[in-house]
> 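Got a structure here, written out as structure tokens. Questions coming.
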Amino acid sequence: DAGITQSPRHKVTETGTPVTLRCHQTENHRYMYWYRQDPGHGLRLIHYSYGVKDTDKGEVSDGYSVSRSKTEDFLLTLESATSSQTSVYFCAITPGDTDTQYFGPGTRLTVL
Amino acid sequence: AQSVTQPDIHITVSEGASLELRCNYSYGATPYLFWYVQSPGQGLQLLLKYFSGDTLVQGIKGFEAEFKRSQSSFNLRKPSVHWSDAAEYFCAVGAWGGYQKVTFGIGTKLQVIP
């Protein structure tokens with residue numbers, strides 16, 4: 001258990017609405033990541049963070065923004081959700097003394 | 001650029017039979033290699049990892065994997081599969097470049113039949 005929680009765990013929303021997903025960790029890890037998982041694609045990195053207010057883009061960042069105002073929280077925002085953003089979203093952390101990513105339980109997002 | 005290929009999308013094995021899941025990677029230097037398992041509706045759980053040293057790596061739940069540099073492979077094995085091993089398995093390659101960049105394969109779904 002890497003001490004990661006994600007909220008909400010499930011969400012259904014409509015096209016064009018804003019959506020924010022939250023990743024919360026309890027162990028002050030510096031690095032945090034947001035992935036999306038889609039059949040046939042595995043997991044793809046959306047954004048990552050290497051500290052408070054320090055974030056950068058991953059390979060599929062279009063349509064997503066992130067914020068990290070506290071070490072423990074990493075927020076993923078879909079400014080105007082589209083059906084192509086229907087997916088399962090995972091947060092991950094890298095503990096400072098390892099090079100391994102540990103994952104949260106995921107959020108299933110459906111955009112109608 | 002790093003990449004991972006899992007050539008088998010679905011595999012079906014009988015309970016008690018041996019298992020080998022294939023993984024090939026592409027990376028210029030010595031990679032970090034991982035196997036994760038995902039049960040339905042769950043997050044990814046780390047099974048094992050290879051960074052350096054002994055090329056045969058032992059993991060949790062009785063799994064092992066062997067790093068073969070000459071074949072760019074990191075295949076996952078288990079001598080006797082249990083029904084609870086039914087899940088999706090992801091191979092991944094990682095590299096440190098300011099952050100831990102991890103590239104995942106598309107996964108292999110394992111079905112276990114009685």
Side-chain angles (χ1 to χ4, degrees), chain A residues 1-7 9-10 21 23-25 29-51 54-61 66 68 74 87-109, chain B residues 1-10 21-27 29-53 57 59-60 65 74 87-109:
Chain A
D1 183 359
I4 306 170
T5 57
Q6 293 185 233
S7 58
R9 294 293 312 280
H10 301 271
L21 309 182
C23 176
H24 179 78
Q25 54 130 335
H29 300 303
R30 179 182 174 193
Y31 290 88
M32 300 183 74
Y33 309 81
W34 276 109
Y35 289 88
R36 61 177 289 173
Q37 182 181 33
D38 304 289
H41 291 278
L43 279 80
R44 293 178 291 174
L45 182 66
I46 305 171
H47 281 279
Y48 67 96
S49 171
Y50 47 97
D54 292 323
T55 65
D56 208 344
K57 297 178 180 180
E59 64 176 300
V60 290
S61 58
V66 290
R68 193 168 178 200
F74 190 31
S87 187
V88 181
Y89 292 85
F90 287 99
C91 176
I93 57 92
T94 300
D97 59 345
T98 77
D99 290 300
T100 303
Q101 290 187 6
Y102 296 90
F103 288 81
T107 294
R108 181 173 295 276
L109 176 67
Chain B
Q2 59 201 58
S3 66
V4 175
T5 301
Q6 292 182 250
D8 304 306
I9 297 175
H10 288 99
L21 302 183
R22 296 183 291 164
C23 173
N24 292 97
Y25 69 90
S26 174
Y27 183 66
T30 300
Y32 297 162
L33 294 163
F34 309 89
W35 276 100
Y36 289 87
V37 61
Q38 184 181 34
S39 298
Q42 304 296 313
L44 277 75
Q45 181 183 20
L46 180 70
L47 278 177
L48 48 79
K49 59 187 178 184
Y50 172 78
F51 289 170
S52 64
V57 181
I60 62 171
F74 189 56
E88 191 157 20
Y89 293 80
F90 292 91
C91 182
V93 59
W96 192 261
Y99 69 102
Q100 178 63 310
K101 180 178 180 181
V102 180
T103 301
F104 289 84
I106 63 172
T108 297
K109 189 164 289 187

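In what follows, chains carry the letters A, B, and so on, assigned in the order in which the sequence lines appear, proteins first and then strands, with residues in each chain numbered from 1. Since this is a predicted model, take the numbers as computed values, not measurements.
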> Which region of B/Q6, side chain (C-beta onward) or backbone (N, CA, C, O), has a non-hydrogen atom less than 4.5 Å from a non-hydrogen atom of chain A, or is it both or neither?
neither

> Tell me the closest heavy-atom pair linking A/Y35 and B/V102, and the distance in Å.
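Shortest heavy-atom separation between A/Y35 and B/V102 comes out as OH-CB, 3.9 Å.
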
> Look up atom OG1 in A/T100 and atom OH in B/Y36, then write down how far apart they are to the nearest 0.5 Å.
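If we round to the nearest 0.5 Å, A/T100:OG1 and B/Y36:OH are 6.0 Å apart.
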
> Measure A/R108 against the heavy atoms of chain B and call it side chain, backbone, both or neither at under 4.5 Å.
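Contact with chain B involves no heavy atom of A/R108 at all.
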
> Using heavy-atom distances under 4.5 Å, tell me whether A/L43 contacts chain B through its side chain, its backbone, both, or neither.
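For A/L43, the contact with chain B is made by backbone and side chain together.
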
> Heavy atoms under 4.5 Å from chain A: which residues of residues 45-53 of chain B carry them?
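The residues closer than 4.5 Å to chain A, in numerical order, are B/L46, B/K49, B/F51.
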
> Looking at CD of A/Q37 and CZ of B/F90, how far apart are the two atoms once the value is rounded to the nearest 0.5 Å?
4.5 Å

> Let me confirm one number: the CD-OG1 distance from A/E59 to B/T103, rounded to the nearest 0.5 Å.
7.0 Å

